[in-house]
Number of protein chains: 2
Amino acid sequence: MSKRVGENTIKFTIPPKIISGYSIVGPKEGKSPVANYFDYILKSDSFNEKTYERAERKMLEQAISGAIDKANILVTDINILLSGDLLNQIISASFSARQLQNSFIGLFGACSTMTESLAVGACLIDGGCADKVACATCSHFSTAERQFRFPLELGCQRPPTSQWTVTGAGCSILSKDGVGHNVTHATLGKVIDYGINDMNNMGSAMAPAAADTLRNLFNDTKTKPSDYDLIVTGDLGKLGSEILIDLMENFGFKLGQNYTDCGQIIYTNKEKSFMGGSGCGCSASIINSYILSKLDSGDYKKIILMSTGALVSTTSTQQGETIPGIAHAVVVEKGK
Amino acid sequence: MSKRVGENTIKFTIPPKIISGYSIVGPKEGKSPVANYFDYILKSDSFNEKTYERAERKMLEQAISGAIDKANILVTDINILLSGDLLNQIISASFSARQLQNSFIGLFGACSTMTESLAVGACLIDGGCADKVACATCSHFSTAERQFRFPLELGCQRPPTSQWTVTGAGCSILSKDGVGHNVTHATLGKVIDYGINDMNNMGSAMAPAAADTLRNLFNDTKTKPSDYDLIVTGDLGKLGSEILIDLMENFGFKLGQNYTDCGQIIYTNKEKSFMGGSGCGCSASIINSYILSKLDSGDYKKIILMSTGALVSTTSTQQGETIPGIAHAVVVEKGK
């Protein structure tokens, strides 16, 4: 039986449940207004490792094992690990998978990976192809900055449209049964490009893709923004969020007070993060801490999670390409 | 109802069908012993583009649209494009998805991407989450060589264990219904690392992962090598294939004349490709031409396709890491 509703949305017959979430962040993120919700805050962003890449991987490994522990299951109960990250050849995810010895599906959706993994994971569970999956991703300011922009040692000045890559990781355990919040729908995104070519203006590059996915979700499910207690994007930041609000208004949907962005939740104005947080770890750490807690407490009953990714590459940018974006969304309802 | 059999295998209730396949290769690959089976052979490996990266992307776009045309469907009939490639941030796949405007799931499994996409695609279709998906991947000798190894202009000498990255792309259309070959099982691989750290010895790095997945497939489905007309790996090359045969013998499974490797099919000894072909485009082009034709003709009735990936990154290698491997397998039976 087809679970497809509309053009781009899947409605799950027996909604897979988020039975646990774990978040780990760096010291800067540990000063966040929502810091109390994080499971673990690093004292140093090197996490006692020789390289930042190893520190990033260690965070991801801790997020996965932490989420497994919180779900009170064994690592062998996980049928499939769905993971990806920002680094070339998703080395954080691949090397973490090497430790775990579960079946592994490597994903790449840049900063959209958290909801990409939740969407694909929910499809696998609802389709009977898995009973439990781990959906995880991470990012690290120092690995991303030196891979995508400049050597850290240069101390380059950051333009006002820039965002700060979150040092953090998050993992959700999705399960066929058990106690948890229900993933009722997934809207898979398209790659959308409005012609932004500035690697320091990711919010603008991602906002059109976010608007496209959100519009498709509302149309496919015949809902409107006010039907949700929270609509949260991954890491559009301040500028990207404003563009999303404008684009959605053009599409006939008015986003209200129930709309926010993980990139704005995680930092305050004091932290020189300019437009806010970004990176796979941004939505991964906020969703798996603050947002799941608010579902637990009943403050939220029905929400949209939509991580957003800028599919930027130094190679394509150097060859004069613009930066396409993508956004994947899932609808989550509070479990009984 | 769970479709899981054994630890790592999914048995599809209503097997998704491969309703078409399209392959496109470069001029060197156009001299292959199986060249007659390819749909399109480039005259020049720049494909009239300014950069090799753009040539690679153009091949992928042609593979996807070619497979859609051969299936006699419209691009709008495709619910989801599943694709990835070797380039950083899978730019070939992302930029191709930008042209298509279908929902896009970005995958990364290095050279295992062809069967990774077939496995995930089959799960989505059998689970009712999609009616038709396109599974596609590509590689280009010149983009891979300069990203992973040396500038082409250096003309570095290649060691005898090296393989030659195939310039090519392939796409399979998977469908819930229609006429085609049945994907009956998928075995999702684990990340396995036996400690190889030589970027010019990929076959040895991937063989342990291939052996693990193949052993799991046989155990989970309670079958043995002789139950299949063909067992074909992605791109282990000569050395990797020999290691696979040895490892499988240690596991109690004797691979016979029905075992071969796409990396050995695609080149002859004359082409200075040493251990044979590699790259996502290797298994993608061979599966979507020669192998599908042999299923069409009835030469094969039941086969195992297993693309193999070396999860290598210049960053991790420079930091002293070894090269983990992964392999995903699907069982395909000739359609009526």
Side-chain angles (χ1 to χ4, degrees), chain A residues 1-4 7-8 10 13 50-51 53-54 79-80 84 86-91 93-95 97-98 100-110 116 119-120 123-124 126-131 143 147 176 186-193 311-316 319 321 324 326 328, chain B residues 1-4 7-8 10 13 50-51 53-54 79-80 84 86-91 93-95 97-98 100-110 116 119-120 123-124 126-131 143 147 176 186-193 311-316 319 321 324 326 328:
Chain A
M1 191 192 68
S2 180
K3 294 159 189 166
R4 296 192 67 80
E7 283 284 306
N8 303 282
I10 298 151
T13 321
K50 278 191 303 184
T51 68
E53 285 75 13
R54 281 175 187 256
N79 301 131
I80 305 166
L86 288 178
L87 296 185
N88 296 342
Q89 291 79 47
I90 58 165
I91 46 173
S94 312
F95 281 96
R98 183 177 68 179
L100 276 177
Q101 292 299 292
N102 296 93
S103 290
F104 172 60
I105 296 175
L107 297 172
F108 183 79
E116 183 185 12
V120 177
C123 289
L124 294 175
D126 193 46
C129 297
D131 297 327
T143 65
Q147 178 181 280
K176 194 178 70 170
T187 303
L188 292 167
K190 302 173 186 175
V191 176
I192 306 280
D193 190 338
L311 303 167
V312 66
S313 141
T314 51
T315 307
S316 61
Q319 290 180 359
E321 289 288 351
I326 194 163
H328 301 289
Chain B
M1 191 193 69
S2 180
K3 294 160 189 165
R4 296 191 67 82
E7 283 284 306
N8 303 283
I10 298 151
T13 322
K50 279 191 302 183
T51 68
E53 284 75 14
R54 281 174 187 255
N79 300 132
I80 305 167
L86 288 179
L87 296 185
N88 297 342
Q89 291 78 47
I90 59 165
I91 46 173
S94 311
F95 281 96
R98 183 177 69 179
L100 277 177
Q101 292 300 292
N102 297 92
S103 289
F104 172 60
I105 296 175
L107 297 172
F108 183 81
E116 183 185 13
V120 177
C123 289
L124 294 176
D126 193 46
C129 296
D131 297 328
T143 65
Q147 178 181 281
K176 193 178 71 170
T187 303
L188 292 167
K190 301 173 188 175
V191 177
I192 306 280
D193 191 338
L311 302 167
V312 66
S313 141
T314 50
T315 306
S316 60
Q319 291 180 358
E321 289 288 352
I326 194 163
H328 302 288

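Here the structure is a predicted model, which means the values were calculated and not measured.
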SB check B:D131 A:R4 (cutoff 4.0 Å): no

Single hit among B:R54, B:E53, B:K50 for side chain to side chain donor-acceptor pair (under 3.5 Å) with A:Q319: B:E53

Worked check of side chain to side chain contact (heavy atoms under 4.5 Å, CB included) between A:L311 and A:F108: CA-CA 9 Å; A:L311 303 167; A:F108 183 79; 4.0 Å; yes

Chain B contact via A:T51 - side chain, backbone, both or neither, heavy atoms under 4.5 Å: side chain

With B:T187 via side-chain hydrogen bond (donor to acceptor under 3.5 Å, both in side chains) - residues at least two apart: B:T9

Chain B contact via A:E321 - which portion, at a heavy-atom distance below 4.5 Å: side chain

Proximal component of A:L100, with respect to chain B [non-hydrogen, under 4.5 Å]: neither

Interface residue of largest heavy-atom contact number with chain A, from B:V312, B:N79, B:T315, under 4.5 Å: B:N79

Winner by heavy-atom pair count (cut-off under 4.5 Å) against chain A, out of B:I105, B:L86, B:L87: B:I105

Backbone N/O of A:A110 and side chain of B:Q89: donor-acceptor pair under 3.5 Å: no

B:L188, part contacting chain A, at a heavy-atom distance under 4.5 Å: both

Sidechain-backbone polar pair: A:K3 side chain, B:G127 backbone, donor-acceptor under 3.5 Å: yes

Residue among B:A97, B:C123, B:S103 with most heavy-atom pairs under 4.5 Å to chain A: B:S103

Interface moiety of A:I326 toward chain B, non-hydrogen atoms closer than 4.5 Å: side chain

Residue selection (most heavy-atom pairs with chain B, distance under 4.5 Å) from A:E116, A:K190, A:R98: A:R98

Engaged part of A:A130 at the chain B interface, taking heavy atoms whose separation is under 4.5 Å: both

Most contacts with chain A, counted as non-hydrogen pairs under 4.5 angstrom, among B:L124, B:N102, B:T314: B:N102

Shortest non-hydrogen separation from A:G189 to A:H328 and the atoms involved: N-ND1, 2.9 Å

Proximity breakdown for B:L107 and chain A, heavy-atom pairs closer than 4.5 Å: both

Side-chain donor or acceptor of B:D126 paired with backbone N/O of B:T13 under 3.5 Å: yes

